[in-house]
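First the structure, in the form of structure tokens, and then the observations on it.
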Amino acid sequence: MSKDNRKRIIEMLSNSGEEFISGESISKELGISRAAVWKHINYLKENGYEIEAINKKGYRIVDVNSDVIIPEQITANLDTKFVGQNIKYFQEIDSTNNYAKDNFESLKDGTLIISEYQSAGKGRLGKNWQSNIGEGIWMSLMLKPEIPVYKAPFLTLVAGAAILNAFRNIGVDAEIKWPNDIVLNGKKICGILTEMVAEVERVGCVVIGMGINVNTMLFPGELSEKATSLKKEGFELKRSDIIREIMHEFEKLYTTYIEYGSKEEVISVCRKYSVLIGKDVYIINKNHREKVYCMDISDDGNLIVKHDDGVIEEVISGEVSVRGQNGYI
Ligand code: BTN
């Protein structure tokens with residue numbers, strides 16, 4: 001069965017909403033037999049799509065609001081050149097970042113790896129990332145940019161700006177806590193973990209892992225103080241739509257950075273929606289903790305801070321974490 005045809009069928013069904021589409025019109029449009037259409041519909045049903053089939057009327061998606069992830073549904077209306085055009089989808093995996101790093105040689109540039117559940121989801125600085133089934137978007141974008149190694153860390157901010165733009169396109173007024181947390185109503189809604197496979201000077205691949213809390217209603221222990229989900233904040237959004245929007249926004253910013261070396265737009269988005277600028281925060285580096293005032297984000301993407309003695313310094317993301325004076329921000 002051709003994936004392209006399946007993609008077109010999903011597109012036709014999605015775009016027709018409550019209306020039925022006959023098997024005959026699908027088969028004519030795609031130039032395939034009615035039996036082939038029927039096989040595609042069955043595949044979709046087995047993979048979580050609720051499709052109503054009525055004799056002489058045809059097919060329609062029953063629950064257009066259901067939050068299943070079907071790769072073809074994401075790619076069906078995805079207008080990117082390569083970002084997210086190939087998707088590896090798993091029910092369970094240890095970590096989508098690990099899969100991307102372990103298999104990058106056989107994966108196409110821009111491949112997106114998504115899993116419903118991660119048994120060993122990774123956060124920054126060696127922390128775990130809770131990745132329960134159906135609760136969020138656990139995905140990694142695998143990229144093969146031809147850039148020197150030192151240019152790769154900026155891609156975390158590219159992803160952050162892309163997620164902010166994507167969220168804002170769908171009505172979610174999120175902010176960014178430099179360098180890798182996306183925040184909604186003062187709590188973390190998404191984390192970004194950028195990893196790289198590199199030889200001395202050459203980047204083999206960059207993997208941008210994104211964990212977005214979508215449907216989680218209960219966060220354990222101290223996480224409940226600092227984490228939230230889109231649903232908890234009153235947003236009922238389909239994961240496929242969010243993913244598609246992020247891929248679309250990411251490709252624009254990524255291409256500008258890789259092809260022209262321009263950081264301008266990314267920095268301006270990160271400045272505009274920063275939760276840190278203008279605040280006193282703690283910068284934590286291993287066991288050392290210091291209170292500083294956040295002045296700005298530099299044109300290179302570093303955090304410009306002022307120490308108590310008035311000295312101004314640029315902090316590079318790397319190993320530091322940033323904490324608010326009374327908690328997360
Ligand atoms: C952080 O805020 O500490 C970063 C969290 C990154 C989590 C995502 S979920 C998908 C991808 N796979 C992983 O193992 N981690 C990232």
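We number each residue from 1, following the sequence as shown. Because the structure is a prediction, the values reported are computed rather than measured. Both ligands and their constituent atoms are indexed starting at 1 by order of listing.
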Salt bridge or not for K7 and E11, using N-O below 4.0 Å?
no
Does this structure show an ion pair linking K252 with E265, if we count only N-O contacts that are shorter than 4.0 Å?
no
Chain-and-number sorted residues having a heavy-atom contact under 4.0 Å with ligand 1 are S95, T96, N97, Q118, G121, K122, G123, R124, W129, W138, M139, S140, N180, D181, K188, G191, I192, L193, G209, M210, G211
How many angstroms lie between atom CD of E29 and atom CD1 of I26, to the nearest 0.5 angstrom?
9.5 Å
Out of curiosity, S317 OG to L303 CG, how far, rounded to the nearest 0.5 Å?
10.0 Å
Do K263 and F154 meet the cation-pi criteria used here (NZ or CZ under 6.0 Å from the six-membered ring centre, within 45° of the axis)?
yes
Is any side-chain N of the basic residue among R271 and D296 closer than 4.0 Å to the acidic one's carboxylate O?
yes
